Amino acid sequence: MKKQKIDHIRNIGIIAHIDAGKTTVTERILYYTGRSHKIGEVHDGEAVMDWMTDEQERGITITSAVTTCQWKRSQIQLIDTPGHVDFTIEVERSLRVLDGAVGVFCAVGGVEPQSETVWRQADKYRVPKMAFINKMDRIGADFHRVVEMMRSKLGATPLVLQLPVGAEDSFTGVIDLVTLQQITWDDDSLGAEFSYGEVAPADADTVAAARENLLETLAEGDDALMERYLAEEEIDVKTIQAAVRRATINLNLVPVLCGSALKNKGVQPLLDAIEAYLPSPLDVPPISGMHPESGAEVVCHPRDTDPLAALIFKVSMIEGRKLSFARVYSGVLKAGEEVFNPTRGGKEKLSRLLRMHANKRERIDSAGAGSIIGVVGLKQTSTGETLCTSAQPVILEQIEFYEPVISVAVEPKTHADQDKLEQVLEKFLTEDPTLRVKEDPDTGQIILSGMGELHLEVIVSRMQREFNTQVNVGKPQVVYRETIAKAAGGEALFDKEVAGTRHYAGVTLRLEPLPRGSENAFESRVASASELMTETDLATLESGVLEALESGPLMGYPVKDVQAILLAVEIREGASSELGLKVAASMACKQALAAAEPFLLDPIMSVEIVVPEEFMGEVIGDLNARGGKIEAIDAKPQIQEIHALVPLAQMFGYSTNLRSATQGRGTFTMQFAHFDRIGNG
């Protein structure tokens with residue numbers, strides 16, 4: 001494959017709520033760009049991008065898959081991301097390295113909870129976006145309602161570039177408001193053939209009003225266009241397209257298109273819009289990092305001639321081998337060369353570089369600025385770390401990870417499984433930064449903690465399928481936190497001889513509760529008269545206190561929202577040591593914790609339930625019985641959307657209950673909101 005000019009590269013992600021049709025849209029993109037020769041359907045378990053067995057069986061995307069395809073002059077490097085909240089980290093780390101995103105919305109469901117989450121993630125990384133309103137053929141499809149929801153729920157300014165021709169069973173095509181042409185697809189060719197025609201006279205007034213609105217919205221943020229618009233000049237297609245591109249890249253407007261990916265309508269104009277309106281690596285501000293020693297800012301321009309800067313945004317263990325995914329921001333990665341990892345301070349050798357197509361790959365010799373590729377051979381480097389040269393090192397901004405909220409106990413079924421389990425878990429930890437593993441000191445069980453029931457189900461399923469490791473799984477357990485209800489003091493004296501050395505220290509401190517979400521704080525009010533105490537001693541005391549707060553007095557969960565105030569320290573010259581100070585601080589802290597009326601904090605989940613009106617009473621009654629707090633109820637045509645805060649401990653098995661209570665017609669999504677005491681949620 002010949003080298004692609006960087007201004008013709010489009011690094012985009014497909015983002016959306018679960019079941020909005022992201023993977024179906026992606027499959028059509030691959031088919032119409034010639035990347036695959038058969039349309040893979042999600043419901044048949046044959047989607048190219050959902051290649052994992054668990055994805056095919058469940059009909060959902062679990063891991064973000066990378067592919068590269070060619071459309072006209074542009075090389076599109078595309079990431080299909082998951083829509084389920086349990087796999088939000090996959091979206092987060094993909095958006096971190098993308099230049100643009102296509103938000104897919106269901107024409108019936110509109111802007112759903114996870115759509116909001118992924119949209120906000122894209123906003124956080126300042127990723128230019130466009131929207132594709134999918135499933136226009138479904139009963140209840142309403143294009144204009146979804147556009148309004150984008151305005152109200154996402155705070156976006158939609159720019160409608162297309163109108164649907166009909167809806168539900170009568171959906172036949174789209175009207176392009178930029179070129180004023182109607183596009184109709186041929187069903188016999190699986191949508192590969194389509195034709196342009198005149199707008200039907202019956203639609204002329206609607207189309208004229210929509211185009212006027214398009215020009216007015218564009219002109220509001222574009223002075224040059226405003227002059228021509230106010231002068232009522234004829235504005236040509238190229239001028240409009242250039243203005244749409246500028247407004248999209250500057251994050252002022254969100255172009256909106258529509259179609260039905262399942263019925264093969266609307267995908268080619270979407271590809272044209274990706275090429276025309278979403279940015280190349282040259283159109284977005286260059287990424288900046290930090291020099292590991294001086295801390296000075298280092299700007300990485302997207303040029304092959306600049307020093308190397310590449311970010312590892314994902315690690316996969318495929319068939320037991322480590323495959324790292326990298327976005328090259330500047331410079332060139334070459335197969336067989338050594339690179340430098342400034343986070344770990346060591347060199348790594350790139351044994352192979354791969355252009356990815358889901359789980360298939362093609363070897364390449366080098367990858368320049370703007371490329372998203374697979375790398376084989378990195379032993380130490382993990383997610384969020386930078387590859388550069390030792391002569392010109394740079395550390396790019398790390399990716400933020402989420403804290404797990406749910407745990408299960410796993411134990412190997414046989415001795416053979418026991419030997420394998422540790423290695424298998426190590427591979428999963430390398431791959432998934434939201435997974436945590438620890439051993440319960442009381443039972444010796446291995447505790448897996450993750451983002452939700454489905455997340456942990458998939459991990460256990462992959463253990464058995466991919467690594468042939470059989471385990472028994474305990475019931476899901478909630479990962480609580482502990483805190484205190486009132487202020488309390490503690491004092492401790494540590495005076496012991498350990499290995500022939502005397503260790504002496506006395507500590508008096510006070511713990512006070514802080515507001516929810518404040519985390520922990522340490523403050524010293526010890527008079528500076530204590531000349532024997534150094535800054536190092538103070539750091540040791542703080543470390544002892546904070547370590548004691550890692551395990552609470554009730555059930556050993558981390559303690560949070562506590563202020564520790566050091567009141568007095570007793571030390572003796574020649575007899576006080578780091579060990580003595582640390583142990584005394586820890587003992588005093590534990591004594592104060594026990595006296596401060598500790599209590600458990602539950603993970604409170606933000607739950608959104610969509611139910612037909614006739615089942616509302618039953619669903620709300622059930623939520624109240626679970627200790628839930630109804631925040632809002634939004635009425636929509638034939639359905640009600642309930643927003644509630646519910647303790648996670650009460651949500652196990654909720655999907656089954658909801659299905660039986662609503663004859664299978666109710667759906668829900670939930671995500672972590674905050675920790676709080678039940679009753680205050």
Side-chain angles (χ1 to χ4, degrees), residues 7 9-16 74 76 91 95-105 110-111 115-133 143-163 176-180 209-233 235-258 269-288 302:
D7 58 334
I9 291 174
R10 300 288 181 272
N11 290 321
I12 65 155
I14 308 284
I15 60 172
S74 295
I76 299 173
V91 187
L95 286 169
R96 171 71 177 77
V97 298
L98 291 170
D99 300 323
V102 177
V104 177
F105 299 98
V111 178
S115 311
E116 286 188 64
T117 303
V118 296
W119 198 268
R120 307 260 177 265
Q121 286 172 305
D123 283 343
K124 180 167 92 176
Y125 291 117
R126 298 190 59 75
V127 175
K129 298 170 287 294
M130 58 195 299
F132 181 71
I133 298 176
F143 175 80
H144 296 289
R145 179 175 147 265
V146 181
V147 172
E148 277 313 304
M149 286 177 83
M150 286 178 64
R151 214 184 295 276
S152 60
K153 283 196 163 189
L154 303 176
T157 307
L159 182 71
V160 176
L161 298 185
Q162 290 179 350
L163 291 179
D176 186 326
L177 296 175
V178 177
T179 61
L180 291 176
R211 191 170 202 264
E212 191 66 20
N213 191 40
L214 162 71
L215 292 172
E216 190 179 320
T217 307
L218 265 181
E220 278 172 12
D222 194 310
D223 293 342
L225 199 66
M226 178 63 88
E227 281 181 33
R228 295 181 62 177
Y229 176 71
L230 293 174
E232 296 184 4
E233 284 181 36
I235 301 170
D236 60 281
V237 169
K238 280 192 173 172
T239 303
I240 295 173
Q241 287 177 332
V244 174
R245 181 176 176 78
R246 283 194 300 275
T248 307
I249 291 171
N250 293 335
L251 306 174
N252 297 330
L253 299 173
V254 178
V256 181
L257 296 90
C258 61
L270 173 64
L271 283 162
D272 286 339
I274 288 168
E275 181 178 59
Y277 308 130
L278 287 181
S280 77
L282 294 178
D283 297 315
V284 291
I287 195 165
S288 59

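One is the number of the first residue; the rest follow in order along the sequence. These values consider heavy atoms only, across backbone and side chains, with no hydrogens, waters or symmetry-generated copies. Quick caveat: nothing in here was measured; it's all calculated off a predicted structure.
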So how far is it from Ile235 CD1 to Glu232 CD, rounded to the nearest 0.5 Å?
10.5 Å

Check Val102 against Leu270 and note the closest heavy-atom contact, atom names and distance.
CG1-CD1, 4.1 Å

Ignoring hydrogens, what is the shortest heavy-atom contact between Pro255 and Leu161? Give both atom names and the distance.
CB-CD1, 3.6 Å

Counting C-beta onward and ignoring hydrogens, is there a side-chain heavy-atom pair between Phe143 and Val256 closer than 4.5 Å?
yes

So, taking the atom named OG1 in Thr217 and the one named CG in Leu253, what distance separates them when rounded to the nearest 0.5 Å?
7.0 Å

Can you name the nearest heavy-atom pair linking Ile15 to Ala101, along with the distance?
CD1-CB, 4.1 Å

Below 4.5 Å, heavy atoms only, C-beta onward: do Asp123 and Lys129 meet side chain to side chain?
yes

Taking the side chain as C-beta and beyond, is there a heavy-atom pair between Leu225 and Arg246 under 4.5 Å?
no

Would you say the side chain of Trp119 lies within less than 4.5 Å of the side chain of Val111, judging by non-hydrogen atoms?
no

Lys/Arg N to Asp/Glu carboxylate O, Glu148 vs Arg145, below 4.0 Å
no

CD1 on Ile76 to CD on Glu275, rounded to 0.5 Å:
7.0 Å

Reported CD1-to-CZ distance for the pair Ile14 and Phe132, which is rounded to 0.5 angstrom:
9.5 Å

Leu177 side chain reached by Val160 side chain, heavy atoms, under 4.5 Å:
yes

Taking it one step at a time, do Leu98 and Asn11 satisfy side-chain contact (heavy atoms from CB on, under 4.5 Å)?
CA-CA 5 Å; Leu98 291 170; Asn11 290 321; 4.3 Å; yes

What distance separates Glu227 CD from Leu230 CG, expressed to the nearest 0.5 Å?
8.5 Å

Taking Pro279 as the fixed residue, which of Val127, Val284, Thr248 is the one that meets the side chain to side chain contact (heavy atoms under 4.5 Å, CB included) rule?
Val284

Shortest non-hydrogen contact from Ala131 to Val254?
N-CG1, 3.9 Å

List the atom of Pro269, the atom of Gln162, and the distance in Å for their closest heavy-atom pair.
CB-NE2, 3.4 Å

Short question: side chain of Asn250, backbone of Asn252 - any donor-acceptor pair under 3.5 Å?
no

Let's go through Ile133 and His144 carefully: what are the C-alpha distance in whole Å and the side-chain angles of both, what is the deciding distance for side-chain contact (heavy atoms from CB on, under 4.5 Å) to 0.1 Å, and is it a yes or a no?
CA-CA 10 Å; Ile133 298 176; His144 296 289; over 6 Å; no

Tyr277 versus Leu257: any side-chain heavy-atom pair under 4.5 Å?
no

Does Arg245 use its side chain to pair, donor to acceptor, with the backbone of Leu278 at less than 3.5 Å?
yes

Kindly say whether Val178 contributes a backbone atom to a donor-acceptor pair with the side chain of Arg211 at under 3.5 angstrom?
yes

For Asp236, look at atom CG and say whether over 12 heavy atoms of other residues, nucleotides or ligands are found less than 6.0 Å away.
yes

Nearest 0.5 angstrom please: Leu159 CG to Met150 CE, how far?
10.0 Å

So which atom in Ile249 and which in Pro128 form the shortest heavy-atom distance, rounded to 0.1 Å?
O-CG, 3.9 Å

